[in-house]
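Atoms considered below: every heavy atom in the structure, side chains included; atoms not considered: hydrogens, waters and symmetry mates.
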Protein chains: 2
Amino acid sequence: MDPNKRIVDALRSSGYKATPQRVAIAQTVLRSKNHPSAETIHEEVLRLHPTVSLSTVYNTLHILREMNFLNELTFNGTTRYDPNISLHINMICLHCGKIIDVEEPSLEESINKIAERKGFKITGQRVDIYGVCKPCQKHENSVGL
Amino acid sequence: MDPNKRIVDALRSSGYKATPQRVAIAQTVLRSKNHPSAETIHEEVLRLHPTVSLSTVYNTLHILREMNFLNELTFNGTTRYDPNISLHINMICLHCGKIIDVEEPSLEESINKIAERKGFKITGQRVDIYGVCKPCQKHENSVGL
DNA sequence: GTACATGCAAATTGTTTGCAAGTAT
DNA sequence: ATACTTGCAAACAATTTGCATGTAC
């Protein structure tokens, strides 16, 4: 299906108007692979829609989160947006800043079991590992953290 | 051992001066059970040391984090401090804001295994579940989110 | 046509910083 | 004695908000 139409339909059926700005922002973030910040998404969207404001970006990102189309990862002061909503591990390198997603189905199962035991209704989750990635370990001392 | 002395010793052996402010702040946060914010810790400390400033609180909290005495959990705009540094699950109720720690030793093992496989050197981690806790589910509709 | 969305600028919030005065060692 | 800390106020950065104008339905 046309991904454009998919987003338009989703917005409408959640009661939001499908403005060109929203569709462009949604396209950008849902297609992203590098956990962009709001600012990064804004810059990207500006290339096609030069007048879109940062507040519209924030507004749309909040709508998309509410629609469960993405996760927010606040980390080191700013929020990064992750279109991968499956339960996965964010392996965050404190040296180069890269975030690598690691899929791990067994985690989901064990977390669901724990929540169920406590009678907790899950709406979202986040699993982060902080540290130093393999490539960075080689030249860890050459570039100050 | 006198917990006071333990903190004093730890600060000194990390090269920091053991000022009364730092000791008071450390006592407060390390003893806390409710994942306080910097502001909350500040208010608490003010009861005994009425002149301590918020920046000293932040400064001390950063030192304690560096010494691995606590974890920082940034969530919904503010940072909460957690003296529980073992790998556990933060079960966060979006309704009442309470954070419940759930110990889960098996998680640690599986996360370590994943990191090892990727050659990733772990320095910290964070596992959050967001949702609605049992007590809140009863009156979920009576109190707006 | 109208209720909702946009885009700008100003406001807000949590946190950090610069620096003179104070204090732990 | 002196290098490190404190506490205040001002600075900062990310995000949010108010409102006049514009637009999707």
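Connectivity analysis of hydrophobic side chains (ILVMFWY, heavy atoms under 4.5 Å, direct or indirect) links B:Val127 to A:Leu87, A:Ile89, A:Met91, A:Ile100, A:Val102, A:Leu107, A:Ile111, A:Ile114, A:Phe120, A:Ile122, A:Val127, A:Ile129, B:Leu87, B:Ile89, B:Met91, B:Ile100, B:Val102, B:Leu107, B:Ile111, B:Ile114, B:Phe120, B:Ile122, B:Ile129. Using a 4.5 Å cut-off between side-chain heavy atoms of Ile, Leu, Val, Met, Phe, Trp and Tyr, B:Leu73 forms no hydrophobic cluster with any other residue. B:Ile85 belongs to no multi-residue hydrophobic cluster, having no ILVMFWY side-chain contact under 4.5 Å with any other such residue. Hydrophobic side-chain contacts under 4.5 Å tie A:Leu48 to no other Ile, Leu, Val, Met, Phe, Trp or Tyr residue.
Residue pairs meeting the side chain to side chain donor-acceptor pair (under 3.5 Å) criterion with at least one partner in residues 108-119 of chain B, sequence neighbours excluded, do not occur; the list is empty.
Rounded to whole Å, the distance from NE2 on B:His42 to C1' on C:dT15 is 14 Å. Rounded to an integer number of Å, the gap from A:Ile41 CD1 to D:dA14 P is 14 Å. In this structure, CD of B:Glu39 is placed 17 Å from P of C:dT12, rounded to the nearest angstrom. In this entry the distance linking CG of B:Leu54 with P of D:dA11 reads 18 Å, nearest Å.
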Contact list (N/O, under 3.5 angstrom) for nucleotides 8-11 of chain C vs protein:
{"unit_1": "C:dC8", "atom_1": "N4", "unit_2": "A:Ser55", "atom_2": "OG", "d": "3.3"}

Each nucleotide N or O in nucleotides 21-25 of chain D that has a protein N or O under 3.5 Å away: list the pair and distance.
{"unit_1": "D:dC25", "atom_1": "OP1", "unit_2": "A:Arg12", "atom_2": "NE", "d": "2.6"}
{"unit_1": "D:dC25", "atom_1": "OP1", "unit_2": "A:Arg12", "atom_2": "NH2", "d": "2.6"}
{"unit_1": "D:dC25", "atom_1": "OP1", "unit_2": "A:Ala18", "atom_2": "N", "d": "3.3"}
{"unit_1": "D:dC25", "atom_1": "OP2", "unit_2": "A:Arg12", "atom_2": "NH2", "d": "2.8"}

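Contacts between residues 56-81 of chain A and DNA chain C, counted as heavy-atom distances below 4.0 Å, involve A:Thr56, A:Asn59.
With contacts defined as side-chain heavy-atom distances shorter than 4.5 Å, the pair A:His62/A:Glu72 qualifies. Side-chain contact between B:Gln21 and B:Thr51 is absent, with no heavy-atom pair separated by less than 4.5 Å.
Of the side-chain N and O atoms in B:Arg22, one or more sit less than 4.0 angstrom from OP1 or OP2 of D:dT6.
Every residue was checked against the ring pair (Phe, Tyr, Trp, His ring centres under 6.0 Å) condition with A:Tyr16, not counting sequence neighbours, and none meets it. Under the rule for a ring pair (Phe, Tyr, Trp, His ring centres under 6.0 Å), B:Tyr58 has no partner lying at least two apart in sequence or in another chain. When the side-chain contact (heavy atoms from CB on, under 4.5 Å) test is applied to B:Pro36, the partners found at least two apart in sequence or on another chain are B:Ser32, B:Asn34, B:Thr40, B:Ile41. Qualifying side-chain contact (heavy atoms from CB on, under 4.5 Å) partners for B:Asp101, counting only residues two or more places apart in sequence or in other chains: B:His35, B:Asp82, B:Asn84, B:His88, B:Asn90, B:Ile99.
Between A:Gly15 and B:Ser37, the one whose closest nucleotide on DNA chain C sits nearer the 5' end is A:Gly15.
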